[in-house]
Amino acid sequence: MPRYQRPIGTRDIMPEDQPYWYYVRDRARHLAELAGFERIDVPIFEATELFARGVGEGTDIVDKEMYSFTDRGGRQLTLRPEFTAGVVRAYIENGMRVRLQPVKLYTFGPTFRYDRPQRGRYRQFTQFNVEILGEQDPAADLEVMLLAWDLYASLGFRDLAFQLNSTGCPQCKPGYVAVLKEYYAGHEDEICQDCRRRLERSPLRVLDCKAKQCQPIIAGAPHILDHLCTGCAEHFATLREYLDLLDRSYTINHRLVRGLDYYTKTVFEVWAAGIGAQSAVCGGGRYDGLAELLGGPPTPGVGFGSGLERIIMVMKELNVEVPPLPKPSVFLAHLGPEAKREALRLVNALRQADVGAYLAFGERGLKNQLREAGKRGVRYAVILGEDELAAGTATVRDMEAGEQTSVELAWLVEWLKARV
RNA sequence: GUGGGUGUGGCCUAAUGGUUAAGGCACCUGGUUGUGGCCCAGGAGAUUGUGGGUUCGAAUCCCAUCACUCACCCCA
C-alpha cells in the first residue's frame, strides 16, 4: 500500500480517460455557445452563508454534505456543493442586471459533497452548469432543457427520459402543502420515520420517499399540478406545448420535487441507466425567488447541472467511441554524440513547424530506440547515425510499412510535415 | 450517518492452517557490431492494507483499524 492515498471519494483521471473528458467538455461548450450561452467561472469556494441561504437550511446538502472550513482570517467558507448559488451571487455582485437580459451563462468545474461514495457518486465531482437569468418566459425553460437533451443526444445517449413536474410558487405552493399535510394526517401511523420528519421540515419530499410502506400513501397523494395557481399552471402548460412542438418526449412525474429549496415552477431531471443506483445525470429547474433571497433584485432564473462523471460512465456503458487525443507521429533516434546534437536541432525544428516529435533520451542502441518508437505508436522513426551525417541525410523508417527511405536533412522537416 | 462484500508485486489472478507466496499482462536485459512488432531465454518487482490475537506454524482463523466497493438516505 502506498503511503499516501487519494482522499475518500476522489479520483485520478488518468491519461487514457482524458479523451472522454475532452470530448464531453467540447460538446457541451459547443452546444452552449450555439445557443448563445457565455462562459463564466466562479470561485470553487464561497461564503458558507451563501449556500446555507441559497440552497436552504434543512436540505441534505446543507445539513450534512458541505465541505466547510474556517480560513486563517476566521471566515466561514465552503467548497461549492452546486453552482447556482455562486452564479446568482456573481450576477448580483457584478451588476449583471444592467446587461442585456436575459443573461445566459454556462460553466464547468469541480463540485463537492460530503456523501458516502458509491458507483456514480463521488465527493469531488464535476458539473456542467447552465443558467438563464432575467427571463420568465417558459421558452427559457425550454432552451435549458433542449441544451441538456441535445448534449446527451450528441454524446450517443439513447432513450432519453425527461422527468418533469412543477413545484408551484409562493402563491400556490403553501396551499398544496396544506392539502398534502391534511392527506398525510390520515395516514400518520402508516408512513416511515423519515417521512414523519419530512412533513415538518420539507413536506414535498415525502413524495419521493422510497420506503415500501410509504408507496401506497404516495400513490394516493394529491398532485401538485392540480393545485397550481393560474400563473404556474399556464407556465407549465406552455412549456409542455413547446416540448411537444419540438418533439421532446417527457414523463410527468408527480413525485419529482428535487432536493433544493429554491425551485419554483419547473423542475426536471434526466434519467439514464448505467450509473449504479442513482438515476439522474442531470437535474434542474426554475428558481424565480433565489436572487431576491440572496439580496439582489428580483430576477427569475432557470438552469440545470449535469454530472460529467455520470455522463462518461453512461458513455462507456454504451460503448460510445470518442476521438483520440493528438500525439506525435515522429520519433527521433540517434547514434553517437554528433547525431544526438543533430537530433536535438531537428526535434526543435519539427515542433516549431508544428510537427509533433519524440526525442530518444540517453545514449542507447538503435534496437532499443526503435522498440520505444514502436511502443509510442509513431508512424515515422527518423534515424540519425554516422552514415547519415556523413551524407547529410536521415533515414526515415515507416513503422507501419516497415520501409525506409533516405531524406536530405535540409528537406526533412518539410518532408515529414507533408506526411503527418 | 447506517448496512453488506472485498483487500496478495504497477494491473489481473493462484495458493486443503504446513518448505523459499505461484502464474499471466505490463516493465527491464539479452538472442554479437546500426533496425521495432512475433518468438525464445533471463531479470527486477510482495515484510499478502495496517495493528493485535489464536496456533508449533497464518495470505488462510478471530478482533480492531484503514481503504475500496455495493446498497440505504439523498443527489450530479
Side-chain angles (χ1 to χ4, degrees), chain A residues 1-11 14 16 55 58-66 80-84 108-129 148 192-195 197-198 202 205 208-212 214 256-260 267 269-272 275-284 304-314 331 333-336 339 360 363-389 395-404:
Chain A
M1 270 298 115
R3 168 105 182 242
Y4 296 106
Q5 293 176 260
R6 318 181 292 270
I8 301 175
T10 63
R11 312 201 304 165
M14 300 302 280
E16 31 308 346
V55 176
T59 60
D60 278 7
I61 290 180
V62 171
D63 286 354
K64 53 181 207 186
E65 295 175 3
M66 294 208 300
R80 63 185 175 211
E82 57 113 45
F83 268 104
T84 304
F108 287 103
T111 317
F112 303 83
R113 289 185 200 169
Y114 190 92
D115 241 349
R116 190 81 176 262
Q118 68 189 68
R119 183 170 172 77
R121 181 164 67 203
Y122 306 97
R123 288 187 175 181
Q124 175 179 334
F125 59 104
T126 312
Q127 276 202 0
F128 169 55
N129 186 262
C192 71
Q193 280 289 328
D194 287 339
C195 279
R197 217 172 309 124
R198 289 189 182 108
S202 49
R205 300 268 291 288
D208 72 348
C209 180
K210 281 155 196 154
K212 273 209 176 66
C214 294
L256 182 64
V257 293
R258 313 272 310 138
L260 299 96
V267 288
E269 286 186 356
V270 181
W271 290 1
I275 49 177
Q278 289 73 40
S279 48
V281 273
C282 169
F304 72 79
S306 183
L308 298 200
E309 286 81 0
R310 289 187 182 179
I311 288 178
I312 289 169
M313 217 172 268
V314 173
F331 184 94
H334 49 79
L335 295 158
E363 287 76 36
R364 297 129 73 196
L366 185 59
K367 181 196 190 88
N368 196 299
Q369 296 184 61
L370 284 182
R371 188 182 303 150
E372 179 180 341
K375 284 179 182 161
R376 298 250 179 236
V378 298
R379 178 70 193 270
Y380 298 104
V382 173
I383 300 165
L384 296 163
E386 286 171 22
D387 301 348
E388 286 83 357
L389 285 189
T395 299
V396 179
R397 180 176 179 82
D398 182 326
M399 299 297 280
E400 281 167 34
E403 291 161 0
Q404 303 189 167

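A quick note: this is a predicted structure, and the numbers were derived from the prediction, not measured.
Spacing between B:G9 and B:A21 at atom P, rounded to whole Å, works out to 15 Å. Rounded to whole Å, the P atom of B:A64 lies 12 Å from the corresponding atom of B:G3. Between B:U6 and B:G49, the two P atoms lie 14 Å apart (nearest whole Å). Nucleotides B:G24 and B:A67 have their P atoms positioned 35 Å apart, rounded to a whole Å. Here the separation of B:U13 from B:U69, taken at their P atoms, is 15 Å to the nearest Å. As rounded to the nearest Å, B:G53 and B:A15 have P atoms that lie 28 Å from one another. Remark: the separation of the C1' atoms in B:A59 and B:G17 is 11 Å, to the nearest Å. Of the P atoms belonging to B:A71 and B:G30, the separation is 49 Å, rounded to the nearest Å.
Among the protein residues, A:Arg310 comes within range of the nucleic acid bases, having at least one heavy atom under 4.0 Å from a base atom. Residue A:Asp115 is classed as a base contact, given a heavy-atom separation below 4.0 Å to a base. Using a 4.0 Å heavy-atom distance criterion, A:Gln118 is classed as a base contact. Using a 4.0 Å heavy-atom criterion, one finds that A:Glu388 contacts the bases of the nucleic acid, with or without backbone contacts as well. Using a 4.0 Å heavy-atom distance criterion, A:Gly120 is classed as a base contact. Residue A:Phe128 is classed as having no contact, given no heavy-atom separation below 4.0 Å to the nucleic acid. Within the 4.0 angstrom heavy-atom criterion, base atoms lie near A:Ile383. Counting non-hydrogen atoms under 4.0 angstrom, A:Glu82 reaches nothing in the nucleic acid.
Rounding to whole angstrom units, CG of residue A:Asp60 and C1' of B:C72 are separated by 12 Å. Here B:C73 presents its C1' atom at 11 Å from CG of A:Asp208, a figure rounded to the nearest Å. What separates CD1 of A:Ile312 from C1' of B:A76 is a distance of 13 Å, to the nearest Å. The separation between A:Glu386 atom CD and B:U33 atom P is 15 Å, rounded to whole Å. In this structure, A:Arg123 places its CZ atom 12 Å from C1' of B:A67, rounding to the nearest Å. Between the C1' atom of B:G36 and the NE2 atom of A:His334 lies a distance of 16 Å, rounded to the nearest Å. Regarding A:Tyr4, its OH atom lies at a distance of 18 Å from the P atom of B:C66, rounded to whole Å. Atom-to-atom, CZ of A:Arg364 to C1' of B:U29 comes out at 13 Å; the value is rounded to the nearest Å.
With a 4.5 Å cut-off on side-chain heavy atoms, A:Gln127 and A:Leu308 do not count as touching. Taking the side chain as every heavy atom from C-beta outward, A:Gln5 and A:Thr10 never approach each other to under 4.5 Å. Taking 4.5 Å as the limit, some side-chain heavy atom of A:Glu82 sits within range of a side-chain heavy atom of A:Val55. You'll find the side chain of A:Val62 reaches within 4.5 Å of the side chain of A:Met66, heavy atoms only. You'll find the side chain of A:Val396 stays beyond 4.5 Å of the side chain of A:Gln404, heavy atoms only. Using a 4.5 Å heavy-atom cutoff, the side chains of A:Met399 and A:Tyr380 are not in contact.
Residues satisfying the salt bridge (Lys or Arg N to Asp or Glu O under 4.0 Å) criterion with A:Arg119, sequence neighbours excluded, are A:Glu317. Evaluation of the side chain to side chain donor-acceptor pair (under 3.5 Å) rule for A:Glu309 yields A:Thr126 as partners, not counting sequence neighbours. In this structure A:Arg116 satisfies the salt bridge (Lys or Arg N to Asp or Glu O under 4.0 Å) test with no other residue, sequence neighbours excluded.
Using a 3.5 Å distance cut-off with no hydrogens or angles, the side chains of A:Thr395 and A:Glu388 do pair a donor with an acceptor. At a cut-off of 3.5 Å, with distance as the only test, no side-chain donor of A:Arg364 or A:Gln369 sits close to an acceptor on the other residue. Under 3.5 Å, the side chains of A:Tyr122 and A:Arg11 contain a donor-acceptor pair of N or O atoms.
The phosphate of B:G36 (OP1 or OP2) has a side-chain N or O of A:Lys367 nearer than 4.0 angstrom. Between A:Asn368 and the phosphate of B:G36, there is no side-chain N or O to OP1/OP2 separation shorter than 4.0 Å.
Taking the nucleotide of RNA chain B with the nearest heavy atom to each of A:Gly9 and A:Gly283, the more 5' of the two is matched to A:Gly9. Between A:Ile61 and A:Ile8, the residue anchored closer to the 5' end of RNA chain B is A:Ile8, taking for each the nucleotide with the nearest heavy atom.
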For RNA chain B, what is the dot-bracket line, given that a base pair needs Watson-Crick (N1 to N3, plus N6-O4 or O6-N4) or G-U wobble (N1-O2 and O6-N3) geometry with both distances under 3.5 Å, and | means paired with another strand? (((((((..((((....[...)))).(((((.......))))).....(((((..]....))))))))))))....
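Here A:Asp398 pairs with A:Arg379 in a salt bridge; the nearest charged N to carboxylate O distance falls below 4.0 Å.
In plain terms, the two heavy atoms of A:Leu366 and A:Leu335 that are nearest each other are N-CD2, 3.9 Å.
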Please enumerate all protein N or O atoms sitting under 3.5 Å from an N or O of nucleotides 2-5 of chain B, with distances to 0.1 Å.
from : atom 1 : to       : atom 2 : distance (Å)
B:U2 : O4     : A:Arg116 : NH1    : 2.4
B:G3 : O6     : A:Arg116 : NH2    : 3.4

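The A:Met399 side chain lies nearest to B:G36 when the options are B:A76, B:G36, B:G34.
For the contact set between residues 369-381 of chain A and RNA chain B, defined by any heavy atom under 4.0 Å, the members are A:Leu370, A:Arg371, A:Lys375.
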